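Lettering follows sequence order; numbering is per chain, from 1. What you see is a predicted model; the values in this text were computed from it and never measured.
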2 protein chains.
Amino acid sequence: MKKRPSTVCPIVYALDIWGDPWSLIILRDVLIHNKRHYREFLASREHISTNILSARLQSLVEAGLLVKIEGDSNRAQTMYRPTQKALDLFPVVFAIMHWGLKYNPNTDMTIPIMQELQADEKGLEMRLLQNFDDVNPNISQ
Amino acid sequence: MKKRPSTVCPIVYALDIWGDPWSLIILRDVLIHNKRHYREFLASREHISTNILSARLQSLVEAGLLVKIEGDSNRAQTMYRPTQKALDLFPVVFAIMHWGLKYNPNTDMTIPIMQELQADEKGLEMRLLQNFDDVNPNISQ
DNA sequence: ATCTGTACTTGCATTTTGCAAGTACGTAAT
DNA sequence: ATTACGTACTTGCAAAATGCAAGTACAGAT
């Protein structure tokens, strides 16, 4: 899909940012599994290759979904963390998970988050959001 | 992305079915704009090309999201209509629209559905679902 | 000094997409 | 009856994206 510089449709806008086959998997790892390092993304079951991971991280940073935080004089400290724009994808990610859960007979229900998603989605979101207080301090109450 | 025959993750399952750049645009047209004919999909702003449209329709039928209804002896009557599996994507589509609405400054808010989505999402879903009573009769009350 | 781990980049084969054209069939107009 | 037109596709080919393997650069540990 050729990049459309500006679209009038919110769905196309979204797809242009994270509609490729890999970006949403990275975002899943960030949002749900609290991953932040290159090595962690590489370790996912889906086996993304290094060049694609690199390109996707860069485009997500450009799109304002992730910020790259580099350690001083040590690349191994580099972290990718979500912005509010990425955190606002929680409802999307949860909606997709609900759908996948309903229709994928191979879903691994022993993953703790799966149970929690069905039992208390809002609570799950609240809990996961706390992982990002360092980057996007939430008004706690 | 190579097709993964079975995945344990509901998100990857979903992406394998409609995670390419075009399928969700077709589903948007089916679910939101009530399109059903090849010619209608071709007429979308996004200008999908004929070979891709053909391939995507076929794969969505195979995945059980659409059914192809052929007229007798006239190809121009061919229709593609959503199954329940596709109708269950309404929450996903709405979640994506909400996100796109928030971050896409070019969203055309004069499209009636945009206003309605923000004002009364559930009502919008109910109304749109009535378009598919022929295919998936809903329990009305 | 060497080895290991990490975050990348590069090269190249394979696959997917984008565009233009063509085909097959049915209906409508002359 | 013949021609033209609309519709739902398929085919061919160039361009782009992906997948895989290998290589590079640098920091910390041994």
Separation of D/dA8 P from B/K68 NZ (nearest whole Å):
10 Å
Roughly how many Å is it from CG in B/L66 to P in D/dA8, rounded to a whole number?
15 Å
Rounded to whole Å, how long is the line connecting atom NE2 of B/H47 with atom C1' of C/dA20?
15 Å
Check the interface with nucleotides 1-6 of chain C: list each N/O to N/O pair with the protein under 3.5 Å, or write none.
| residue | atom | partner | partner atom | Å |
| --- | --- | --- | --- | --- |
| C/dT6 | O3' | A/R39 | NH1 | 3.2 |

At under 4.0 Å, does any side-chain N or O of B/W22 touch on OP1 or OP2 of C/dT16?
no
Within residues 50-65 of chain A, find the residues that approach DNA chain C with a heavy atom at under 4.0 Å, and present them sorted by residue number.
A/T50, A/N51, A/S54
Nearest-angstrom distance from the residue atom CD1 of B/I48 to P of C/dA20:
16 Å
Given C/dT27, C/dC8, D/dG19, the nucleotide with the shortest approach to the side chain of A/S49:
D/dG19
For B/T78, which residues count as a side-chain hydrogen bond (donor to acceptor under 3.5 Å, both in side chains) partner, sequence neighbours excluded?
none
What is the distance, to the nearest angstrom, from the CG atom on A/D16 to the P atom on C/dT17?
15 Å
Using 30° and 60° as the class boundaries, would you call the ring planes of B/F90 and B/F132 parallel, tilted or perpendicular?
tilted
Could you tell me how far apart B/D20 (CG) and D/dA17 (P) are, to the nearest whole angstrom?
15 Å
Pairing donors with acceptors under 3.5 angstrom, does anything connect the side chains of A/N51 and A/R56?
no
May I ask you to say what A/Y80 touches in the nucleic acid, namely base, sugar-phosphate or nothing, with a heavy-atom cut-off under 4.0 Å?
sugar-phosphate
For B/E46, does its backbone N or O pair with a side-chain atom of B/S44 as donor and acceptor, under 3.5 Å?
no
Donor-acceptor contact below 3.5 Å, side chain B/E70 vs main chain B/R75
no
Taking atom CG of A/L65 and atom OH of A/Y80, what is their separation to the nearest 0.5 Å?
14.0 Å
In whole Å, what is the span from the CD atom of B/E40 to the P atom of D/dG6?
17 Å
Which whole-number value in Å describes the distance from B/E46 CD to C/dC19 P?
13 Å
Between A/W99 and B/Y13, what is the ring plane arrangement, given parallel below 30°, perpendicular above 60°, and tilted in between?
tilted
What verdict does the side chain to side chain contact (heavy atoms under 4.5 Å, CB included) test give for B/K102 and A/K85, after you've listed the backbone C-alpha separation in whole Å, the side-chain angles of each residue and the deciding distance to 0.1 Å?
CA-CA 9 Å; B/K102 177 167 181 180; A/K85 192 170 179 180; over 6 Å; no
Report yes or no: does A/H98 contribute a side-chain atom to a donor-acceptor pair with the main-chain N or O of A/I96 at less than 3.5 Å?
no
